[in-house]
Student: 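Following this message is one structure expressed as structure tokens.
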There are 2 protein chains.
Amino acid sequence: MARDPKQNPRGGHADLHAHAIDADAVQGRARAYAASKGIPFTQMRQRVLALLAASGKPMAAYEIAEKLSDARRVQAVQVYRALEFLQEAGCVHRLASQSSYFACDHQHGSGETVVFMVCSQCGAVQEAASNLVARGLLGVAKTSGFKPLHPIVELEGECASCNSQPAR
Amino acid sequence: MARDPKQNPRGGHADLHAHAIDADAVQGRARAYAASKGIPFTQMRQRVLALLAASGKPMAAYEIAEKLSDARRVQAVQVYRALEFLQEAGCVHRLASQSSYFACDHQHGSGETVVFMVCSQCGAVQEAASNLVARGLLGVAKTSGFKPLHPIVELEGECASCNSQPAR
DNA sequence: CTCCAGGGTGTAATATTATAACAAACGTCC
DNA sequence: GGACGTTTGTTATAATATTACACCCTGGAG
């Protein structure tokens with residue numbers, strides 16, 4: 001498990017705890033989605049997904065564009081286009097609290113609500129599905145006569161690793 | 001209950017269902033917060049809060065700046081400063097999913113999590129506190145060894161009014 | 001095979017959201 | 001009144017996101 005000391009652009013300390021996603025699995029899901037829609041899983045889409053999966057942390061769109069730039073400069077708009085596809089495919093989510101994007105481990109079921117736990121120290125994101133949260137949301141919606149479509153549940157806080165080895 | 005046909009800038013249809021907030025109550029809370037901190041509840045802060053309370057809907061910062069501009073142009077940065085104060089005071093919240101701001105009805109307790117229900121048709125926001133959601137969040141956090149600090153729970157969907165009189 | 005239609009790509013421009021920096025005005029405590 | 005801390009007004013700039021358009025593939029119809 002490589003410990004890479006590069007700086008975290010979002011203000012936390014370092015790139016500790018970043019756990020890379022299973023790139024093959026997530027790419028497989030993207031490919032399956034593309035096939036099911038009859039649209040191509042193009043190189044740009046692959047590159048963005050691969051980068052996010054390898055990073056294991058949320059990245060800003062412009063940051064992705066920069067990392068993907070080599071001889072040819074990748075423009076942000078190209079990244080946004082790829083992200084749009086990847087979000088539809090369910091392989092990438094947008095963190096509303098930070099306007100950043102990250103690759104997602106698992107298929108989400110429909111009876112549960114996914115909670116994104118964002119560590120304000122190291123920037124890592126963990127996902128967890130909660131039945132209780134889902135029921136709570138349905139409850140308040142029902143009470144208000146509100147028809148729920150898309151929940152956004154993000155929890156800012158401190159992850160286990162940062163909590164146990166504080167201040168570094 | 002006035003039905004004002006002006007256009008909703010966020011893509012929904014019209015300004016139906018907007019329920020203005022009790023401006024006096026919320027202003028009282030802001031004033032109390034200011035007093036408790038020994039800082040002034042200045043005119044700019046009042047104006048931003050009054051506008052948001054009257055609107056009863058989320059507004060973008062630049063939209064606020066525009067509405068408050070008369071002879072003198074109000075710059076966005078001034079609005080952001082006021083919003084910062086108002087958020088600290090708990091009178092205004094930021095909708096992460098839309099990067100917009102709205103005045104909030106009630107004091108929030110600490111054992112509950114507040115859910116913002118955002119209607120994708122008319123743009124109105126309702127708040128509701130949920131004990132179940134709070135417990136669900138604590139649950140997933142505990143399981144992951146995550147120390148929760150600040151939850152963001154937004155539910156996009158269709159409000160009761162839009163649901164009952166669809167398509168207009 | 002050729003042509004056409006639908007997407008995807010590359011590029012430039014622009015819109016939208018948010019913050020930084022700084023001098024001048026204000027208020028309050030002494 | 002003077003000193004300090006905050007707020008204000010203003011300009012500039014950073015960061016995030018979308019629009020527009022010409023070009024290029026690729027795959028199917030004819």
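Every chain is numbered from 1, with letters handed out A, B, ... down the list of sequences.
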Student: Between Gln78(B) and dG9(D), is there a side-chain N or O to OP1/OP2 distance below 4.0 Å?
Tutor: yes
Student: Is it the case that more than 12 heavy atoms not belonging to Gln87(A) sit under 6.0 Å from its CD atom?
Tutor: yes
Student: Whole angstroms only, please: what is the CZ-C1' distance between Arg73(B) and dT8(D)?
Tutor: 17 Å
Student: Does Thr113(A) offer a backbone N or O that forms a donor-acceptor pair with the side chain of Ser130(A) under 3.5 Å?
Tutor: no
Student: With nearest nucleotide decided by heavy atoms, which residue, Ala76(A) or Arg72(B), maps closer to the 5′ end of DNA chain D?
Tutor: Arg72(B)
Student: Round to the nearest Å and state the distance from Leu68(B) atom CG to dT8(D) atom P.
Tutor: 13 Å
Student: Looking at every non-hydrogen atom in both residues, tell me the closest pair between Cys159(A) and Cys119(A) and how far apart they are.
Tutor: N-SG, 3.4 Å
Student: Check the phosphate of dT8(D) against Tyr80(B), side-chain N and O only, distance under 4.0 Å to OP1 or OP2. Yes or no?
Tutor: no
Student: How close or far is atom C1' of dT16(D) from atom CD of Glu66(A), stated in whole angstroms?
Tutor: 14 Å
Student: For residues 42-49 of chain A, tabulate all N or O donor-acceptor pairs below 3.5 Å that involve a side-chain atom, not counting sequence neighbours.
Tutor:
| residue | atom | partner | partner atom | Å |
| --- | --- | --- | --- | --- |
| Arg45(A) | NH1 | Pro40(A) | O | 2.6 |
| Gln46(A) | NE2 | Phe41(A) | O | 3.3 |
| Arg47(A) | NH2 | Leu68(A) | O | 2.7 |

Student: Where each residue is assigned the nucleotide of DNA chain C containing its nearest heavy atom, which of Val77(A) and Tyr101(B) is assigned the position nearer the 5′ end?
Tutor: Val77(A)
Student: Check each of Ile152(A), Leu137(A), Val140(A) against Val153(B) using the side chain to side chain contact (heavy atoms under 4.5 Å, CB included) test, and report the only one that passes.
Tutor: Leu137(A)
Student: Without decimals, in angstroms, what is the distance between Ile64(A) CD1 and dT16(D) C1'?
Tutor: 12 Å
Student: Between dT16(D), dT11(C), dT17(C), which one does the side chain of Ala60(A) approach most closely?
Tutor: dT16(D)
Student: Pairs in or reaching into residues 138-157 of chain A: which pass side chain to side chain donor-acceptor pair (under 3.5 Å), with residues at least two apart or in two chains?
Tutor: Ser97(A)-Glu154(A)
Student: Under 5.5 Å between ring centres and under 30° between planes: true for Tyr62(B) and the base of dT17(C)?
Tutor: yes
Student: State, to 0.1 Å, how close Leu95(B) and Pro58(B) come at their nearest heavy-atom pair, and which atoms those are.
Tutor: CD1-CG, 4.0 Å
Student: To the nearest angstrom, how far is Gln75(B) atom CD from dT19(C) atom C1'?
Tutor: 14 Å
Student: Does Arg45(B) have a side-chain nitrogen or oxygen under 4.0 Å from the phosphate oxygens OP1 or OP2 of dT7(D)?
Tutor: yes
Student: State, yes or no, whether a side-chain contact exists between Pro148(B) and Leu138(B) at a heavy-atom distance under 4.5 Å.
Tutor: yes
Student: Give the residues of residues 30-44 of chain A touching DNA chain D, defined as any heavy atom closer than 4.0 Å, sorted by residue number.
Tutor: none
Student: Glu84(A) has an atom CD; how far is it from atom C1' of dT19(D), in whole Å?
Tutor: 13 Å
Student: Which pairs, protein N/O on one side and nucleotides 21-28 of chain D N/O on the other, fall under 3.5 Å?
Tutor:
none

Student: Using the six-membered ring wherever Trp is involved, compare the ring planes of Tyr62(B) and Tyr80(B) and label them parallel, tilted or perpendicular (cut-offs 30° and 60°).
Tutor: perpendicular
Student: Under the ring-ring contact (aromatic ring centres under 6.0 Å, His included) test, which residues partner Tyr33(A), sequence neighbours left out?
Tutor: Phe85(A)
Student: Is any side-chain heavy atom of Val74(A) closer than 4.5 Å to one of Ile64(A)?
Tutor: no
Student: List in numerical order all residues of residues 86-96 of chain A for which some heavy atom is under 4.0 Å away from an atom belonging to DNA chain D.
Tutor: Arg94(A)
Student: Would you kindly give the CD-to-P distance between Glu63(B) and dA18(C), to the nearest whole Å?
Tutor: 12 Å
Student: Does Ser99(B) have a side-chain nitrogen or oxygen under 4.0 Å from the phosphate oxygens OP1 or OP2 of dA18(C)?
Tutor: yes
Student: Hey, are Glu127(A) and His93(A) close enough side-chain-wise for a donor-acceptor pair under 3.5 Å?
Tutor: no
